[in-house]
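Input: a single structure, listed below in structure tokens.
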Amino acid sequence: MHDALTGLLEQRAPVGRETWRSWWDQLGDGGLDQAQVVALLASLTSRLPDHETLRHLLDSLAERRPAAPVTTAWEGTVNVVGTGGGPRTFNISTASAFVAAAAGVKVVKTGSRAYTSSLGSVDLLERLGIRLTSSRAQTEDTLAAHGIAFAGPFVYPTQLTRLARTVAPHSMKPFGRFLNALGPFLADLPVTAQVTGVSAAAPLDTLRHLARSTTTRRIWLTSNDTGADELLPFATNTIHGENSLTRIIRPGELTPGDGSFADLRPATDTTTAAAHFLTVLAGDAGRVATRTVCLGAAALIVASGTRRDWLSAVSLAEEAIRSGAAHDLAQRLAAAPAPAPRTLAVTGA
């Protein structure tokens, strides 16, 4: 049995970077059988280990990435991604991404297919006819053309694909709790900031430690007293920022505080999800739905540095919906032709 698996099962803390390096080496060489890989994923899912073990795991994956393309940091660009696992709603963070982009913020959205819900962000985008980008260069081009881009699997370590192939024909879905919790820290893009909603199903304290030790981007974690991974107008929300600073947003502070999850229900079935989502962007899904999306968009606006004042950020988001800009942006992106391939020089050749 590999030392990484033994360390997790025996709850030895921390499992070090060298141990994780050995795990990935053996995974790549075919030296780990399916039983060990399934056992490790099951252990990580049933009990997420300490933050030091997770930091070593993340660093061991980061050092295996291919040499990064020669590119400048995407100043003022913000990534939005949640941990999932909260109460069922429509895809709020995806809607907030469109609204913030329509308000002038450069937004990259990372995400996945559904692990713990019926429809993940990637599933929704597929139904909308919106393509994921397939490279960093393509993401830059899409950002330049539309102000928003939805990054494909290229942002994630290839070792995740190897894990999935090793456990096949079993699905990765049973391990969704672990994948959702750590996923926001795995995407590799040169954004300035990241806003990540954390549900009650994810270990907030552990993720706060990981956020503080991440040096490539500024990370805000949001949580609330309902257990959802979104900012909600009818909840008491907490934004956990850099240097342990927090910002509490109470019901009625930035928007009217009435409403409930009944106002945020997803489409009745996945075949109508795209049409329902466009209704949300048009501001026709109800006042609470619109307020919720605008509150999420305001977080992206403030995190990007476009606005410092939350009230003005909410107003900017409301105008993006009221003017039709958010709805039109989604339709333009769906109608856009496939971007032409483009390569960037790489370092370390």
Side-chain angles (χ1 to χ4, degrees), residues 1-66 81-86 112 115-116 155-168 170-188 194 196-217 219 221 223 227 229 240 242-244:
M1 186 181 296
H2 194 277
D3 285 346
L5 178 55
T6 302
L8 292 177
L9 293 176
E10 295 179 357
Q11 299 183 17
R12 295 201 307 260
V15 176
R17 191 186 305 188
E18 287 296 333
T19 302
W20 286 115
R21 284 172 175 161
S22 171
W23 173 268
W24 303 125
D25 286 342
Q26 292 191 33
L27 179 70
D29 294 340
L32 296 174
D33 59 23
Q34 185 185 78
Q36 287 201 74
V37 174
V38 169
L40 181 126
L41 288 170
S43 176
L44 289 169
T45 301
S46 61
R47 180 186 177 277
L48 207 64
D50 62 282
H51 66 90
E52 291 180 89
T53 293
L54 292 177
R55 173 46 63 194
H56 290 313
L57 188 160
L58 290 171
D59 290 344
S60 72
L61 288 170
E63 67 188 17
R64 288 171 181 266
R65 294 186 185 277
V81 57
T83 64
S112 64
Y115 285 121
T116 56
V155 301
Y156 295 108
T158 58
Q159 285 74 22
L160 297 184
T161 302
R162 290 177 184 161
L163 288 174
R165 288 173 179 166
T166 304
V167 304
H170 303 295
S171 167
M172 293 286 277
K173 204 159 189 174
F175 314 117
R177 181 173 177 268
F178 161 68
L179 295 169
N180 280 344
L182 210 59
F185 295 89
L186 290 169
D188 179 35
Q194 176 176 312
T196 292
V198 180
S199 75
L204 177 60
D205 287 344
T206 297
L207 298 188
R208 290 184 70 186
H209 279 289
L210 290 180
R212 286 197 291 269
S213 62
T214 298
T215 59
T216 56
R217 60 201 180 279
I219 297 180
L221 303 178
S223 62
D229 68 339
H240 309 270
E242 56 268 44
N243 302 320
S244 300

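Here the structure is a predicted model, which is why all the values come from computation and not from measurement. For the numbers below, each heavy atom of this structure counts, side chains included, while hydrogens, waters and symmetry mates do not.
- In this view, Pro14 and Asp50, Glu52, Thr53, His56 satisfy the side chain to side chain contact (heavy atoms under 4.5 Å, CB included) rule, not counting sequence neighbours.
- Of all heavy-atom pairs spanning Ser199 and Gly86, the tightest one is CB-N, 3.7 Å.
- No option in Leu32, Leu8, Leu27 other than Leu8 meets the side chain to side chain contact (heavy atoms under 4.5 Å, CB included) test with Leu40.
- Taking every heavy atom of both residues into account, Ala181 and Leu48 meet most closely at CB-CD2, 4.3 Å.
- The side-chain hydrogen bond (donor to acceptor under 3.5 Å, both in side chains) search around Trp20 returns none, not counting sequence neighbours.
- The side chain to side chain contact (heavy atoms under 4.5 Å, CB included) check on Thr19 picks up His2, Asp3, Ala4, Val15, with sequence neighbours excluded.
- Considering only heavy atoms from C-beta on, Pro174 stays 4.5 Å or farther from Thr45 through its side chain.
- In this structure, the side chain of Thr214 engages the main chain of Leu210 through a donor-acceptor pair within 3.5 Å.
- A side chain to side chain contact (heavy atoms under 4.5 Å, CB included) with Leu182 is found for one member of Leu61, Thr206, Leu54 and no other, namely Leu54.
- Between Leu163 and Leu41 there is a side-chain heavy-atom pair separated by less than 4.5 Å.
- Listed by first then second residue, pairs satisfying salt bridge (Lys or Arg N to Asp or Glu O under 4.0 Å) with a partner in residues 4-31 read Glu10-Arg12, Arg17-Asp59, Arg17-Glu63, Glu18-Arg21, Arg21-Glu63, Asp25-Arg64, not counting sequence neighbours.
- Applying the side chain to side chain contact (heavy atoms under 4.5 Å, CB included) criterion to Thr196, with sequence neighbours excluded, gives Val81, Thr83, Pro184, Gln194, Val198, Leu221.
- Residues meeting the side chain to side chain contact (heavy atoms under 4.5 Å, CB included) test with Ala187, sequence neighbours left out: Thr110, Val155, Tyr156.
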